[in-house]
Amino acid sequence: MKIDIQLKHGSLSPQQCIDWVSSPRVGGIDVFVGTVREQTQGRPVLYLDFEAYEPMAVAEMRKIAETACERWPIERIAIHHRVGKLEIGDLAVVIAVSTPHRKAAFDACQYAIDTLKKTVPIWKKEVFTDGEVWVAAHP
Amino acid sequence: MKIDIQLKHGSLSPQQCIDWVSSPRVGGIDVFVGTVREQTQGRPVLYLDFEAYEPMAVAEMRKIAETACERWPIERIAIHHRVGKLEIGDLAVVIAVSTPHRKAAFDACQYAIDTLKKTVPIWKKEVFTDGEVWVAAHP
Amino acid sequence: MQLTILAFGIAKDILGRRELQLEVPDDTTVRDLKDRLLERYPEFSRLVSLAIAVNSEYSAEDVLLQERDEIALIPPVSGG
Amino acid sequence: MQLTILAFGIAKDILGRRELQLEVPDDTTVRDLKDRLLERYPEFSRLVSLAIAVNSEYSAEDVLLQERDEIALIPPVSGG
């Protein structure tokens with residue numbers, strides 16, 4: 001088992017992901033952590049609400065991990081995404097990739113987050129003091 | 001203070017680096033963790049010994065962080081390197097970079113580790129069952 | 001046949017519900033379903049994109065739908 | 001003047017000590033010092049590179065050394 005996919009309703013732990021991808025065969029680990037920013041284009045955000053089509057989201061995250069494992073010599077990869085209500089500073093996603101040499105870890109991790117943002121059925125609603133908006137829905 | 005440089009004789013904590021670079025203005029954090037592998041070109045490693053020219057190593061790590069802050073819109077950057085005797089699986093280096101948008105975090109983190117490996121006066125001795133070698137010293 | 005369609009994100013807001021029951025002819029394709037939804041809910045045409053997932057996979061437009069399929073409307077995703 | 005030279009990594013092994021005292025003429029440059037060391041310790045010429053740091057900074061070859069300078073031999077680094 002070199003792939004760990006989790007869709008969590010509670011908080012994420014980068015340390016847990018790092019521990020899971022660590023191994024004596026590993027030389028480099030790259031970790032991406034996506035956090036909730038306090039504002040979007042100058043408009044202060046109260047909180048975010050992440051909704052997922054859960055079985056498909058898990059399946060799409062697994063596909064990303066599998067494709068990454070085909071393209072790069074990956075020792076282990078963990079992709080954890082949170083759903084539900086998130087406050088400013090909360091972690092929305094953690095991706096950790098371990099490889100024998102570091103370049104592949106960076107490339108695979110960046111591939112994973114870039115692809116996740118395009119294909120994984122998770123939707124983010126930003127809630128402001130004066131309204132709310134589904135991110136990226138409209139041009 | 002957006003730069004945290006540490007040369008430590010004890011163990012490193014990626015979580016501590018992540019916590020330090022986190023802020024409400026941050027959207028993405030990239031973290032690189034360099035670990036001690038069990039073997040080099042098939043030869044099993046017993047342990048590593050990292051030696052540093054400490055004041056200069058800290059100064060060169062700071063230069064890397066400062067240059068990164070000039071090139072990318074970095075919120076915070078932490079570079080922690082360990083010295084002394086390290087066992088297989090121990091963390092040798094942790095670099096964490098937080099930015100408003102993720103691409104810059106990846107680029108800056110990769111720049112930092114690539115440059116660290118070229119310029120920071122730290123030397124790694126690999127100790128095998130049948131000898132020892134200063135890494136990269138000879139062609 | 002009767003299709004059950006799951007809606008997420010803004011698609012759920014446009015439909016006003018999480019699940020829609022829709023009576024369609026037996027030879028309905030993904031494209032036919034999309035046309036029907038766009039006609040009935042013109043707001044969908046204002047979205048950047050609208051994909052259809054069939055049994056938890058993104059589906060091509062020419063796929064024929066079956067009554068037992070799990071069908072989902074996928075507006076532009078924004079996870080991460 | 002007398003220089004004090006710090007050595008690290010394999011440079012320390014080649015010198016057989018961590019610190020070397022060396023009597024040199026007053027107008028000695030970084031390049032002169034390197035030449036002198038290479039002559040006295042030919043093993044240095046087998047390294048991939050040998051840099052000199054003066055007061056904790058990589059130094060250019062034409063810099064004139066002062067007696068109070070902190071001079072260090074920097075063989076190929078391998079941190080990270």
Side-chain angles (χ1 to χ4, degrees), chain A residues 5-8 12 32-37 40 45 48-64 79-84 86 90-95 109-126 131-139, chain C residues 3-22 29-31 33-35 37-80:
Chain A
I5 304 296
Q6 291 188 35
L7 203 57
K8 299 181 77 172
L12 305 182
F32 176 77
V33 179
T35 59
V36 175
R37 284 205 295 156
T40 304
V45 172
L48 297 189
D49 211 337
F50 281 85
E51 182 181 341
Y53 177 17
E54 300 206 5
M56 183 174 170
V58 168
E60 289 291 327
M61 289 196 283
R62 182 166 295 279
K63 271 187 207 170
I64 291 169
I79 307 180
H80 293 191
H81 203 298
R82 186 168 171 186
V83 291
L86 273 74
D90 280 349
L91 313 189
V93 62
V94 176
I95 301 177
C109 191
Q110 201 161 355
Y111 163 81
I113 182 63
D114 288 352
T115 309
L116 182 150
K117 284 178 174 266
K118 285 180 211 152
T119 66
V120 176
I122 296 178
W123 298 271
K124 178 164 58 183
K125 187 165 69 176
E126 289 175 338
E132 52 183 53
V133 63
W134 286 103
V135 175
H138 294 107
Chain C
L3 299 180
T4 301
I5 298 159
L6 306 175
F8 297 94
I10 198 166
K12 185 186 61 188
D13 291 356
I14 291 172
L15 293 186
R17 74 198 83 172
R18 185 172 289 283
E19 222 181 286
L20 176 74
Q21 307 291 332
L22 199 67
T29 64
V30 165
R31 182 191 314 270
L33 174 63
K34 263 174 102 167
D35 289 346
L37 288 166
L38 282 165
E39 200 178 354
R40 193 156 144 191
Y41 302 93
E43 262 197 87
F44 280 126
S45 63
R46 294 180 48 232
L47 300 182
V48 171
S49 66
L50 182 67
I52 305 274
V54 179
N55 302 322
S56 290
E57 296 257 6
Y58 286 104
S59 175
E61 300 244 310
D62 57 359
V63 166
L64 273 171
L65 294 168
Q66 314 291 331
E67 195 158 32
R68 310 286 291 270
D69 286 337
E70 179 170 300
I71 298 163
L73 303 185
I74 312 284
V77 303
S78 50

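By convention in this document, chain letters (A, B, ...) are assigned in the order of the sequence lines, proteins followed by strands, and residues within each chain are numbered from 1.
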Which atom names give the shortest non-hydrogen contact between [X] and [Y], and what distance separates them?
| X | Y | answer |
| --- | --- | --- |
| A/Y53 | C/S56 | OH-OG, 3.6 Å |
| C/G79 | A/L116 | C-CD2, 4.0 Å |
| A/M56 | A/P121 | CG-CG, 3.6 Å |

Under 4.5 Å from any heavy atom of chain C, what part of [X] do you find: side chain, backbone, both or neither?
| X | result |
| --- | --- |
| A/A52 | backbone |
| A/V120 | backbone |
| A/W123 | both |

Using 4.0 Å as the upper bound for N to carboxylate O, is an ion pair formed by A/E51 and A/K125?
no
Could you check whether C/E57 pairs with A/K63 (Lys NZ or Arg NE/NH1/NH2 to Asp/Glu carboxylate O, under 4.0 Å)?
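Salt bridge: yes.
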Residue from C/L3, C/L6, C/T4 passing side chain to side chain contact (heavy atoms under 4.5 Å, CB included) with C/E70:
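Only one of C/L3, C/L6, C/T4 forms a side chain to side chain contact (heavy atoms under 4.5 Å, CB included) with C/E70, namely C/L6.
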Run through C/D69, C/V30, C/L33 and flag the one making a side chain to side chain contact (heavy atoms under 4.5 Å, CB included) with C/V63.
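So the option named by the test is C/V30.
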Counting heavy-atom pairs under 4.5 Å with chain C, the top scorer among A/A137, A/A136, A/P139 is A/A137
When heavy-atom pairs shorter than 4.5 Å are enumerated against chain A, which of C/A72, C/P75, C/A51, C/S49 gives the highest number?
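If we count pairs closer than 4.5 Å to chain A, C/P75 comes out on top.
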Which residues in residues 37-47 of chain C have a heavy atom less than 4.5 Å from any heavy atom of chain A?
C/R46, C/L47
Using modelled atom types and a 3.5 Å cut-off, is there a donor and acceptor pairing between side-chain atoms of A/H81 and backbone atoms of A/A92?
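Yes: the side chain of A/H81 pairs with the backbone of A/A92.
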